**Student:** 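Supplied in structure tokens, the structure appears directly below.
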Amino acid sequence: MTEENTYIEQRKKKVEELRSEGISPYPQNLKPTHTASEILKKFDDKKGPELEGLKEQFALAGRVIFLRSFGKAAFLKIADRTDKIQIYIEKQILGDEQFKLFKNIDVGDFIWVQGSLFRTKTEELTLKATALKIATKTVRPLPEKWHGLQDIETRYRQRYVDLIVNPEVKKAFLTRSKVLQALRDFFGKRDFLEVETPMMQPIPGGAAAKPFITHHNKLDMDLYLRVAPELYLKRLVVGGLERVFEVGRNFRNEGISTQHNPEFTMLEFYQAYANYEDLMKLTEELLEELATKTNGSTKIKYEDAEINFKSPYPRLTMKEAVKKYTKQDPNKLSTEKLVNIFEEEVESKLIQPTFITQFPTDFSPLARKNDQDPMVADRFELFIYGREIANGFNELNDPEDQAERFKAQVEALHKGNEEAMHFDADYIQALEIGLPPTAGEGIGIDRLVMLLTNSSSIRDVILFPQLRSKEEKS
RNA sequence: GAGGCGCUAGCUCAGCUGGUAGAGCAUUUCCCUUUUAAGGAAAGGGUCCCGGGUUCGAGCCCCGGGCGCCUCACCA
């Protein structure tokens, strides 16, 4: 049971009133002929007299988001998926019976209206209703019109309300959708195949992260929610799918923050015969395209910064970056110290898109060693606004080397490092069948969308972010 | 996990030094045929997050708990 209040009681009474008059509060088959934006666009430049000369009738459907009544006339606004448009109601035009029906309508209800167009005294394009139907009677009130819904917790828990009353929220998710569409186009054009690999994996792999565990009853086996699709995607390259990409959810059993949600969306792609330098170039092209398609420009505003996605992006080795941004001599540092100092002192300074290359091999168990310096891997990460956005490298395709790396990981796992990788014998077998020279990359889509929508929290780009459940009273 | 801040009407918020719980919007009723935060008149609406404690008396003070946000830690 949900909690009741006088608002809901009053509106449930209205539902009963409708029923007692033989009107369904939840009817079907009410078809609009137009959308709000179609009408607003098409008649944008038409003056009042021109509109009133039109014989055309327009049927619209949407949610009433605004209502102002004057006794025998009223203005209301309805919102459909495209836009908002004003409706004018007049008793004389609508007739007594329909006007009585209108009196039953509250803000929040869905209605269907038909009528002609005109302009009000203030030149607002408005539909003059000649017919009106209730499409869905609603019983719970929406937040008030000025302040809307501010409470962050309620916004996340009741995203459906947030989407109705906070337009910028809808806009962010439209942008997110555009990003996904654009990146599919981008890889499609380049002959990449979109694939789907298991989210439930018997052996978690592909990233250093603590997995969620679940259980399959019939098989009586534990399964892990994937922390990355990487090892499966490379199996596909072994199988001859030379260019693959997957965009989908990864799950990591870690803390939650403005940068972390337990389930998040990752793009991973693999290209045979490419190397990590090719991928840096590809990444530059991709980000330029995504920024342009979502913001109309390669320059975007993010918090206090202006970020320019125009390529090329500076490339620094990790050691060069430490040298440039700190007072440390990178050659005198241990591998661990180097990485620590990089993370603590350098990352936050990488505001404009910057590639950092040559990561220590010890920290890159799936990456191919550099031919000149086996201590480092041919790997890069892309940082923007101090955040890691992408991670790519030449794939390690030497099965013996990979087996050694797995063994080191398993050792770490046994020492209590819950994020270390497991030994994946089948993956080694796949490498024995043969992975052509390949480079691969992962891009954190949520974090990228944060940048493109100027969102400070990952929760603002995930429709239903993970929250602790509240005590249910039901 | 630690610290800080917050939780009061459907929504947004006020509530002083502990003394009968408030406003705006919204709702209900009445008036109102071109409004743009429409206007006028009246009315109703509260588990002050939860549980203890102190007190003659707690929204306010103390203790414990819940949920959220932020910072840090953790986390590629």
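Throughout, a chain's letter reflects where its sequence line sits, starting with A, and its residues are numbered from 1. Worth saying up front: this structure is predicted, and the values here are computed from it rather than measured.
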**Student:** Roughly how many Å is it from CG in A:Leu142 to C1' in B:U27, rounded to a whole number?
**Tutor:** 13 Å

**Student:** In terms of the nearest nucleotide of RNA chain B, which residue is placed more toward the 5' end: A:Gln150 or A:Gln10?
**Tutor:** A:Gln150

**Student:** Work out how far the P atom of B:G24 is from that of B:G44, and round it to whole angstrom.
**Tutor:**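 B:G24 and B:G44 have their P atoms separated by 14 Å.
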
**Student:** Just how far, in rounded Å, is C1' of B:C11 from CG of A:Asp162?
**Tutor:**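 My rounded result for the distance is 13 Å.
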
**Student:** Begin with the C-alpha distance, continue with both residues' side-chain angles, and end with the deciding distance and a verdict on side chain to side chain contact (heavy atoms under 4.5 Å, CB included) for A:Leu132 and A:Ile105.
**Tutor:** CA-CA 10 Å; A:Leu132 170 85; A:Ile105 288 170; 3.8 Å; yes

**Student:** Give one of base, sugar-phosphate or nothing for A:Ala207, where a contact means two heavy atoms less than 4.0 Å apart.
**Tutor:** nothing

**Student:** Thinking salt bridges, do A:Lys14 and A:Asp109 make one under a 4.0 Å N-O criterion?
**Tutor:** no

**Student:** Is there a Watson-Crick or G-U wobble partner for B:C13 with both distances under 3.5 Å, and if so, which one is it?
**Tutor:**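 Paired with B:G22.
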
**Student:** Could you work out the separation of B:G52 and B:A14 based on their P atoms and round it to a whole Å?
**Tutor:** 28 Å

**Student:** Taking pairing as Watson-Crick or G-U wobble with both contacts under 3.5 Å, can you name the mate of B:U27, or confirm there isn't one?
**Tutor:** B:A43

**Student:** Rounding to an integer number of angstrom, what distance separates B:U47 and B:A41 when you compare their P atoms?
**Tutor:**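 Looking at atom P only, B:U47 and B:A41 are 30 Å apart.
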
**Student:** Please state the C1' separation for the pair B:G22 and B:G68 - nearest whole angstrom.
**Tutor:** 25 Å

**Student:** Name the nucleic acid region contacted by A:Leu467, choosing base, sugar-phosphate or nothing; use a 4.0 angstrom heavy-atom cut-off, strictly under.
**Tutor:**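 Answer is sugar-phosphate: A:Leu467 comes under 4.0 Å of backbone atoms only.
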
**Student:** Please give, in whole Å, the distance from B:A26 P to A:Leu149 CG?
**Tutor:** 17 Å

**Student:** Hey, is A:Glu16 close enough to A:Arg19 for a salt bridge, meaning N to O under 4.0 Å?
**Tutor:**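 Judged by the 4.0 Å cut-off on N to carboxylate O distance, A:Glu16 and A:Arg19 do form a salt bridge.
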
**Student:** When you get a sec, tell me which of B:U27, B:G45, B:G68 is the closest nucleotide to the side chain of A:Arg468?
**Tutor:** B:G68

**Student:** Assign A:Glu381 to base, sugar-phosphate, or nothing according to its heavy-atom contacts below 4.0 angstrom with the strands shown.
**Tutor:**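 Contact class for A:Glu381: base.
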
**Student:** Sequence neighbours excluded, which residues qualify as ring-ring contact (aromatic ring centres under 6.0 Å, His included) partners of A:Tyr325?
**Tutor:** none

**Student:** Each nucleotide N or O in nucleotides 32-36 of chain B that has a protein N or O under 3.5 Å away: list the pair and distance.
**Tutor:**
residue, atom, partner, partner atom, Å
B:C32, N4, A:Gly71, N, 3.3
B:U33, OP2, A:Phe70, O, 3.4
B:U33, O2, A:Tyr88, OH, 3.4
B:U33, O2, A:Glu90, OE1, 3.0
B:U33, O2, A:Glu90, OE2, 3.1
B:U33, N3, A:Glu90, OE2, 3.1
B:U33, O4, A:Gln92, OE1, 3.3
B:U34, O2', A:Lys121, NZ, 3.0
B:U34, O2, A:Lys121, N, 3.1
B:U35, O2', A:Arg68, NE, 3.0
B:U35, O2', A:Arg68, NH1, 2.5
B:U35, O2, A:Arg68, NH1, 3.1
B:U35, N3, A:Gln86, OE1, 3.0
B:U35, N3, A:Gln86, NE2, 3.2
B:U35, O4, A:Gln86, NE2, 2.5
B:U35, O4, A:Thr120, OG1, 3.2
B:U36, O4', A:Arg68, NH1, 3.0
B:U36, O2, A:Glu124, OE1, 3.3
B:U36, N3, A:Glu124, OE1, 2.9
B:U36, O4, A:Thr120, OG1, 3.1
B:U36, O4, A:Thr122, OG1, 2.1

**Student:** For nucleotides B:G6 and B:G39, find the distance between their P atoms and express it as a whole number of Å.
**Tutor:** 34 Å

**Student:** Students often get this wrong, so: under 4.0 angstrom with heavy atoms, is A:Phe363 touching a base, only sugar-phosphate, or nothing?
**Tutor:**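 Counting heavy atoms under 4.0 Å across all strands, the contact made by A:Phe363 includes a base.
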
**Student:** Rounded to whole angstrom units, what separation is found between the CZ atom of A:Arg155 and the C1' atom of B:U12?
**Tutor:**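 The answer, rounded to whole Å, is 14 Å.
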
**Student:** Tell which nucleotide pairs with B:A37, taking only Watson-Crick or G-U wobble pairs whose two distances are both under 3.5 angstrom.
**Tutor:**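 B:A37 is unpaired by these criteria.
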
**Student:** What contact category does A:Glu144 fall into here, base, sugar-phosphate, or nothing, at under 4.0 angstrom with non-hydrogen atoms?
**Tutor:** base

**Student:** Applying a 3.5 Å limit to both distances, which nucleotide forms a Watson-Crick or G-U wobble pair with B:G57?
**Tutor:** none

**Student:** Testing the 3.5 Å rule here: is there a donor-acceptor pair between the side chains of A:Thr265 and A:Arg176?
**Tutor:**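 Per modelled atom types, A:Thr265 and A:Arg176 side chains form a pair under 3.5 Å.
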
**Student:** Given B:C75, B:C11, B:A26, which nucleotide is nearest the side-chain atoms of A:Pro143?
**Tutor:** B:C11

**Student:** Hey, does the side chain of A:Lys14 come within less than 4.0 Å of B:U28's phosphate (OP1/OP2), counting only N and O?
**Tutor:** yes

**Student:** Mind checking A:Arg459 for me? I need base, sugar-phosphate or nothing, with any heavy atom below 4.0 Å counting as a touch.
**Tutor:** sugar-phosphate

**Student:** Looking at A:Glu153 and A:Arg157, does any basic side-chain N land under 4.0 Å from a carboxylate oxygen?
**Tutor:** yes

**Student:** Does B:G68 have OP1 or OP2 sitting under 4.0 Å from an N or O in the side chain of A:Arg157?
**Tutor:**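 For B:G68, OP1 or OP2 has a side-chain N or O of A:Arg157 closer than 4.0 Å.
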
**Student:** Write down the partner of B:G1 under the Watson-Crick or G-U wobble criteria, each distance required to be under 3.5 Å.
**Tutor:** B:C72

**Student:** Is the A:Phe187 ring parallel, tilted or perpendicular to the A:Phe269 ring (thresholds 30°, 60°)?
**Tutor:** tilted

**Student:** To the nearest angstrom, how far is A:Ile65 atom CD1 from B:A37 atom C1'?
**Tutor:** 14 Å

**Student:** Using only heavy-atom distances, decide whether a donor-acceptor pair under 3.5 angstrom links the side-chain of A:His260 to the base of B:C75.
**Tutor:**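 Side chain to base: pair present.
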
**Student:** Measuring only the C1' atom in each nucleotide, how far is B:G59 from B:C70? A whole number of Å is fine.
**Tutor:** 25 Å

**Student:** Send over the distance from A:Glu153 CD to B:G66 P, rounded to a whole Å.
**Tutor:**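 The answer, rounded to whole Å, is 14 Å.
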
**Student:** Using atom CZ of A:Arg447 as one end and atom C1' of B:C75 as the other, report the distance to the nearest whole Å.
**Tutor:** 9 Å

**Student:** For A:Lys210 and A:Gly148, take the nucleotide of RNA chain B holding the closest heavy atom to each; which residue's nucleotide lies nearer the 5' end?
**Tutor:** A:Gly148

**Student:** If you take the centroid of each ring, where Trp contributes its six-membered ring, are A:Phe380 and A:Tyr313 closer together than 6.0 Å?
**Tutor:**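 When the ring centroids of A:Tyr313 and A:Phe380 are compared, they turn out to be at least 6.0 Å apart.
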
**Student:** Considering only the C1' atoms, how many Å lie between B:A42 and B:G65, rounded to the nearest integer?
**Tutor:** 44 Å

**Student:** Is A:Lys407 salt-bridged to A:Glu411, going by a charged N under 4.0 Å from an acidic O?
**Tutor:**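 No salt bridge links A:Lys407 with A:Glu411.
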
**Student:** Taking only side-chain nitrogens and oxygens of A:Lys145, does any of them come within less than 4.0 Å of OP1 or OP2 of B:C11?
**Tutor:**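 Negative; the distance criterion is not met.
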
**Student:** Just checking A:Ser257: base, sugar-phosphate only, or nothing, at a heavy-atom cut-off of under 4.0 Å?
**Tutor:**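 Touches nothing.
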
**Student:** Just how far, in rounded Å, is P of B:C11 from CZ of A:Arg11?
**Tutor:**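 To the nearest whole Å, that distance equals 14 Å.
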
**Student:** Quote, to the nearest angstrom, the C1' distance that separates B:G10 from B:U27.
**Tutor:**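 Rounded to whole Å, the distance is 9 Å.
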
**Student:** Assess whether a salt bridge exists between A:Glu17 and A:Lys103, defined as any Lys/Arg side-chain N lying under 4.0 Å from an Asp/Glu carboxylate O.
**Tutor:**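 No, this pair does not count.
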
